[in-house]
Amino acid sequence: MRLSRYFLPTLKEPPREAEIVSHRLMLRAGMIRQESAGIYSWLPLGHKVMRKIERIVREEQDRAGFVEMLMPTIQPADLWRASGRYEDYGKEMLRICDRHEREMLYGPTNEEMVTDILRVSVRSYRDLPKLVYHIQWKFRDEVRPRFGVMRGREFLMKDAYSFDVDKEAARRSYNRQFVAYLRTFERLGLKAIPMAAESGPIGGDMSHEFIILAETGESAVYCDRALVDMPVPGADIDYEGDLSPIVEAWTARYAATDDKYDAARFAAEVPAERRVTARGIEVGHIFYFGTKYSEPMGALVQTSDGSQVAGEMGSYGIGVSRLVAAIIEASHDEAGIIWPEAVAPFKVGLINLKSGDAATDKACEDLYGRLAKAGIEVLYDDSEERAGAKFTSMDLIGLPWQLIVGPRGLAAGEVEIKQRASGERVTLTPDAAIAKLAGRGNAGNTGI
Ligand code: ATP
Ligand code: MG
């Protein structure tokens, strides 16, 4: 992509309302634009990152045996009356009236709709488990939308749902998501720690929030440092096999957010040198809620002994749009964003140090064409800006590699490559530069 044809409205100064670094950087890098409190347009660069995150989320959901579908954003109020949540949800729900005076709402989540879909078509334990997900916009009229897309009102969520015949089977479905989340966040370049979360009236141990540690996180968290270094299952993990040893290993060590925090247990179970007290950002939540919706909504299945029972269900959310900001919180420096390769909007930023100089333009065109041919995504800064300004904006938007081409280097048969994360620069021939950029792994795209 040529910068001259792209739409990248970068800002020199971030608007004053941006309180946290990811919000400032997203605005400065021209990734988003606020349209109204907590509601954003996703400009091309932001949109590209969000799509890459979505793709990794999707690949890991598919791998875990969940099937993609798509439910609408607008739902009828009656569905929510059937579950008893229409009144309970309160002001966070955006209620809409259509032209026939029918009460509708913009979905804040989809448990009711999924339950309704499954109840009419799933009859027998033989049809189970049913494991589905979708990636769809949600609306929650948050009291305090803030921190940009981190806590928006309209946001993109991956929400998955499982429907099983009994609790034991429901636990197997829960474990699938647990492992899928470990893999998803690792592929996104994040260290997300599953932490025991509120399980509501159902109780039990099947509610975990996946939290990344960051100073700007909204919740206080407490965990055992051993979790930070724990290895994540590889792509060859067998989701049809027994996943409980993995889940047990990850849940055997102490980790809790403030609502579940127990100071005495934390002190007793974690040696002082391994106690981590930090702040965290919730990027996902997995939750077993039993028959909370299936019972009132009559989603029944026949068991092997012929009796009818309400389906045992769970729901599993990932904040896809929140992740764009969360990744920036975890990966930036003073100069700007540092994208992990797997979600970078482009892998390489090609910088022409002297646009208008025939030899430099020609060399850049040639490199641009060859990189594209090698299947590498390049953003080519072909603008007339000064070299200094080009460096600044390339650092700001955080592409993993910069390929720097100027007349002086070319005269010596050389170009420069800079790695954004380390700042390390190497000088090499154009051929060697292409080989180096093409040779780097594409781990994020193929699964690690
Ligand atoms: P929170 O406690 O942050 O409000 P929640 O418990 O309401 O989150 P869930 O209903 O479990 O969240 O939603 C699943 C995921 O969706 C969350 O883990 C989070 O990543 C994301 N999410 C929730 N609310 C928002 C929001 N207002 N803006 C962006 N992402 C959100
Ligand atoms: Mg919430």
Side-chain angles (χ1 to χ4, degrees), residues 20 22-23 26 32 34-40 42 46 49-50 53-54 56-57 61 73 85 88-94 106-114 133-162 174 177-178 180-182 184-185 188 190 192-200 202 206-214 216-221 256-260 279-289 292-293 313-330:
I20 61 170
S22 58
H23 190 193
M26 287 181 79
I32 50 168
Q34 184 178 306
E35 300 300 351
S36 147
I39 301 179
Y40 292 85
W42 288 81
V49 174
M50 188 160 66
I53 294 173
E54 196 181 315
I56 290 175
V57 169
Q61 290 294 302
T73 52
R85 271 212 292 188
D88 291 356
Y89 222 92
K91 291 202 158 186
E92 220 168 277
M93 180 184 275
L94 181 65
Y106 194 125
T109 178
N110 282 65
E111 282 83 3
E112 282 75 0
M113 192 169 275
V114 158
Y133 73 98
H134 74 161
I135 300 176
Q136 179 61 292
W137 293 91
K138 304 288 183 285
F139 194 94
R140 294 182 186 175
D141 207 348
E142 300 273 356
V143 196
R144 256 192 93 198
R146 58 184 182 152
F147 303 156
V149 299
M150 193 78 89
R151 181 165 296 284
R153 292 198 295 166
E154 188 183 50
F155 59 96
L156 188 61
M157 195 201 286
K158 180 287 296 178
D159 39 325
Y161 302 88
S162 61
Y174 184 88
Q177 286 289 345
F178 191 106
Y181 276 39
L182 292 174
T184 302
F185 297 124
L188 294 173
L190 295 170
I193 301 173
M195 303 202 178
E198 226 16 89
S199 48
I202 304 219
M206 283 203 277
S207 173
H208 287 91
E209 288 175 352
F210 284 71
I211 305 269
I212 63 163
L213 305 182
T216 47
E218 288 184 289
S219 20
V221 298
T257 59
D258 38 10
D259 7 326
K260 272 255 169 178
R279 300 201 67 79
I281 300 170
E282 180 194 325
V283 286
H285 189 181
I286 59 176
F287 189 47
Y288 158 75
F289 50 78
K292 182 171 174 197
Y293 305 101
M313 298 179 69
S315 71
Y316 314 92
I318 288 184
V320 175
S321 50
R322 174 179 289 186
L323 272 166
V324 180
I327 291 170
I328 297 175
E329 288 296 329

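Whatever order the structure lists them in is the order used to number ligands and atoms, beginning at 1. What you see is a predicted model, and the numbers here were worked out from it, not measured in a lab.
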Side chains of W42 and V324 in contact at under 4.5 Å (non-hydrogen atoms): yes
Contact check, V283 vs ligand 1, heavy-atom distance below 4.0 Å: yes
Y161/F287 aromatic ring centres below 6.0 Å: no
Ligand-residue contact atoms, ligand 1 with H285, heavy atoms, under 4.0 Å: 11 (O), 18 (O)
Under 3.5 Å: N/O of G152 near N/O of ligand 1: yes
Numbering as shown, the atoms of ligand 1 that approach E142 to under 4.0 Å (heavy-atom distance): 24 (N), 26 (C), 27 (N)
E282 contact mode with ligand 1 (heavy-atom cut-off under 4.0 Å): both
For V149, atoms of ligand 1 separated by under 4.0 Å from a heavy atom: 29 (C)
Donor-acceptor under 3.5 Å (R322 side chain, E282 main chain): yes
Check: R322 N/O within less than 3.5 Å of ligand 1 N/O: yes
Shortest non-hydrogen separation from A197 to K260 and the atoms involved: O-CE, 3.4 Å
E218, any N or O under 3.5 Å of ligand 1 N or O: no
Residue-ligand contact S321/ligand 1, heavy atom below 4.0 Å: no
Pairing of E111 and R85 as salt bridge, 4.0 angstrom limit: yes
Structural part of M150 in contact with ligand 1, heavy atom criterion under 4.0 angstrom: backbone
Matching residue for D159 among Q136, H285, K138 - test: side chain to side chain donor-acceptor pair (under 3.5 Å): K138
Shortest non-hydrogen separation from Y174 to M206 and the atoms involved: OH-C, 3.2 Å
